[in-house]
Each structure stands twice: as C-alpha cells, then as structure tokens.
Amino acid sequence: MDLDTLEKVLSILQREYKKWNAPVVTLIKERTNDPYKILISTVLSLRTQDKTTHKAAERLFKVADTPQKMVRLSEKEIEKLIYPVGFYRTKAKNIKKISEILLKEYNGRVPDDLDELLKLPGVGRKTANLVITLGYGKLGICVDTHVHRISNRLGIVKTKTPFETEMELRKILPKKWWIEYNDMLVSLGQTICRPIRPKCDICPLRDYCPKICVKNMEKNDV
DNA sequence: AAAACGGGGGC
DNA sequence: GCCCCAGTTTT
C-alpha cells in the first residue's frame with residue numbers, strides 16, 4: 001500500500017472509530033497515566049475480555065495500587081482479587097514478582113525503557129510498548145492480534161508474526177499515527193474486522209481492502 | 001455443546 | 001515451531 005492510500009485509510013478510520021464505542025483493549029477503564037496501573041492492568045488483560053479485566057483491575061487496585069502495597073499480598077490473595085481473568089494463577093504470580101522486582105531494582109518505579117520492561121515476567125512487546133506510550137508518552141507501536149491481523153488484511157504489511165509487524169510498521173507508519181493506530185485498529189477489529197466472519201458489508205474501509213468479498217477467511221488466513 | 005476469543009514463555 | 005497457561009462470550 002502506498003503512502004497516500006495509507007493516509008487516506010487512516011483518516012477514514014479516525015473519523016469513524018470513536019462512534020463505535022468499542023471497549024478499548026489497550027486502556028484500563030479509568031484513563032490513567034500511572035505506569036504501574038497501566039502495567040498491571042495490561043498483564044491482567046492478556047487473553048481475557050475487557051469487562052472481566054476492568055472489574056478485576058478495580059478490585060485489585062482498591063487493595064493495592066502500588067508495588068509497596070502489592071508485595072504485602074500473598075499470591076493466593078492476588079488470585080482471589082483478580083479471578084476470574086484467564087490464567088489467573090500465572091498472572092497473580094507475575095504481578096507479585098513484577099512488584100518485587102520494581103521495588104528491589106527500580107526503587108519502586110516502573111522503568112520507561114522497553115528493554116528493561118521486557119525483562120519483567122509476563123511482559124512482552126505488546127505490554128512493554130503500551131506502558132511506554134501510555135505511561136510515559138514515548139513513541140512506540142503496540143501490536144496485538146487485531147493490529148497484526150488487520151495490518152495484513154489491508155496490505156499495509158505482509159508479515160507472519162506480531163514482532164515482524166511491529167518492525168515493519170516502525171518503518172512505514174508516519175509517526176503522527178503511531179499512538180492512535182492501535183486504538184483505531186482494535187476498535188475496528190472488535191466491531192467489524194473480526195478474526196472470522198468480518199462484517200465487510202459495513203466496513204468503512206471496504207473500498208481499500210484487498211480481502212473484501214472473501215466469504216470465509218481460510219483457516220490460517222490472517 | 002462447541003467454538004471463538006486474546007499474549008507470553010519454555011522448550 | 002509447538003505446546004502450555006483458564007476463564008467468558010458467542011454460535
């Protein structure tokens with residue numbers, strides 16, 4: 001896709017996506033720029049629904065919204081607070097461990113550096129990028145499965161892993177779009193451009209999408 | 001009842 | 001590259 005088309009597509013999307021009121025995966029429900037809350041709620045959100053995540057985060061933060069408070073809770077206590085998010089045992093363990101590391105190695109602060117964040121257990125590129133962009137206002141590209149899938153469907157990139165997608169987008173996506181790109185594609189992904197049975201008939205990007213009219217996406221098609 | 005949903009880590 | 005981690009929602 002050439003740059004002019006890309007700009008056009010993103011402009012259309014920017015105009016439309018807020019109307020859908022899609023639950024925004026990338027943000028916890030109450031807008032915050034507290035890096036610790038963003039970090040923990042993003043860990044909570046992995047492979048689980050937004051509503052479940054929001055409730056769990058609310059319950060958890062009522063008891064512990066700083067690493068200092070978090071480390072006083074046992075894994076079991078954290079598990080009870082965050083249930084029923086998916087993988088709650090793993091996540092409880094990671095949340096406790098992350099909080100301990102933050103206290104021991106970073107003076108209780110969440111690092112603002114991608115590579116430092118990636119060392120934390122349960123923190124991958126999606127989570128790390130989200131923390132530096134939302135928590136610290138740094139430029140980053142956050143690639144989840146929506147961003148990966150739709151970037152490929154539209155022909156913006158041709159990649160097979162989210163990591164490659166992030167690297168490609170880093171090259172071709174104008175910087176002014178970096179932050180909003182994730183929000184827009186997630187909204188589109190949840191409402192219209194779903195993994196299976198996408199609603200192409202009501203998609204604002206149908207004129208620009210090479211996948212239009214594909215009745216059923218192939219099993220392993222993005 | 002069954003399929004769909006969505007990141008990270010260990011090997 | 002393959003498999004594990006666990007729940008809710010949709011079909």
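Heavy atoms only: backbone and side chains are in, while hydrogens, waters and symmetry mates are out. Numbers restart at 1 for each chain; the letters A, B, ... are given by sequence-line order, proteins then strands.
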Task: Rounded distance (Å) that lies between atom P of dC2(C) and atom NZ of Lys160(A) - done: 11 Å
Task: Check: Thr159(A)/Thr165(A) side-chain N/O donor and acceptor closer than 3.5 Å - done: yes
Open item on the list: Roughly how many Å apart are dG6(B) and dT11(C), using the P atom of each and rounding to a whole number?
Closed with: 13 Å
Task: Length of the line joining Leu44(A):CG and dG6(B):P, which is rounded to integer Å - done: 18 Å
Open item on the list: How many whole angstroms separate atom CG of Leu117(A) from atom P of dG7(B)?
Closed with: 17 Å
- [ ] Using only heavy-atom distances, determine whether the side chains of Asp50(A) and Ser45(A) contain a donor-acceptor pair under 3.5 Å.
- [x] no
TODO: Please list, chain by chain and in numerical order, all residues satisfying side-chain contact (heavy atoms from CB on, under 4.5 Å) with Lys51(A), sequence neighbours excluded.
DONE: none
Open item on the list: I'd like to check Glu7(A) versus Lys176(A) (side-chain heavy atoms, cut-off strictly below 4.5 Å). Are they in contact?
Closed with: yes
Open item on the list: Can you tell me if Ser45(A) touches the phosphate of dG7(B), counting only side-chain N or O atoms and a distance under 4.0 Å to OP1 or OP2?
Closed with: no
Open item on the list: Test of understanding: with side-chain contact (heavy atoms from CB on, under 4.5 Å), list the residues that count as partners of Asp4(A), not counting sequence neighbours.
Closed with: Asp2(A)
Open item on the list: Checking Thr52(A) now: which residues fulfil side-chain contact (heavy atoms from CB on, under 4.5 Å) with it, not counting sequence neighbours?
Closed with: Thr48(A), Gln49(A), Pro84(A), Val85(A)
Task: Pair listing, side-chain hydrogen bond (donor to acceptor under 3.5 Å, both in side chains) test, anchored in residues 102-122 of chain A, at least two apart - done: Tyr106(A)-Glu116(A), Glu116(A)-Lys119(A)
Open item on the list: Going by salt bridge (Lys or Arg N to Asp or Glu O under 4.0 Å), name the residues that satisfy it together with Lys19(A), two or more places apart in sequence or in a different chain.
Closed with: Glu16(A)
Open item on the list: Output the rounded distance in Å from NE2 (His146(A)) to P (dA4(B)).
Closed with: 16 Å
- [ ] Write down the distance between NE2 (His54(A)) and P (dG6(B)), rounded to a whole number of angstrom.
- [x] 15 Å
TODO: Taking atom P in both dT9(C) and dG8(B), compute the distance separating them and give it to the nearest angstrom.
DONE: 22 Å
Task: Test side-chain contact (heavy atoms from CB on, under 4.5 Å) applied to Ala128(A) - qualifying residues, sequence neighbours left out - done: Leu114(A), Leu117(A), Leu118(A), Val123(A)
TODO: Output every pair passing side-chain hydrogen bond (donor to acceptor under 3.5 Å, both in side chains) with a member in residues 80-95 of chain A, not counting sequence neighbours, ordered by first then second residue.
DONE: none
Open item on the list: Taking salt bridge (charged side-chain N to carboxylate O under 4.0 Å, His left out) as the cut-off, I'd like each qualifying pair that reaches into residues 162-171 of chain A, sequence neighbours left out, listed once.
Closed with: Arg125(A)-Glu166(A), Lys160(A)-Glu164(A), Glu166(A)-Arg170(A), Glu168(A)-Lys171(A)
Task: ring pair (Phe, Tyr, Trp, His ring centres under 6.0 Å) pairs, two or more places apart, involving residues 158-182 of chain A - done: none
- [ ] Round to the nearest Å and state the distance from Phe163(A) atom CZ to dG7(B) atom P.
- [x] 17 Å
Open item on the list: Taking the minimum atom-to-atom distance to the side chain of Ile196(A), which one of dG7(B), dA4(B), dT11(C) wins?
Closed with: dA4(B)
- [ ] Specify the separation, in whole Å, of atom CG of Asp50(A) and atom C1' of dG6(B).
- [x] 10 Å
Task: Secondary-structure string, 5' to 3', Watson-Crick or G-U under 3.5 Å, | for another-strand partners, for DNA chain B - done: |||||.|||||
Open item on the list: Rounded to whole Å, how long is the line connecting atom NZ of Lys51(A) with atom P of dT9(C)?
Closed with: 7 Å
Task: Contact residues, residues 82-93 of chain A to DNA chain C [heavy atom, < 4.0 Å] - done: Tyr83(A), Pro84(A), Gly86(A), Phe87(A), Tyr88(A), Arg89(A)
Identify the pairs formed between an N or O of the protein and an N or O of nucleotides 8-11 of chain B at a distance under 3.5 Å, and give each distance.
residue	atom	partner	partner atom	Å
dG8(B)	OP1	Gly124(A)	N	3.1
dG8(B)	OP1	Thr127(A)	N	3.1
dG8(B)	OP1	Thr127(A)	OG1	2.6
dG8(B)	OP2	Lys126(A)	N	3.4
dG9(B)	OP1	Gly122(A)	N	2.9
dG9(B)	OP1	Val123(A)	N	3.2
dG9(B)	OP1	Val123(A)	O	3.4

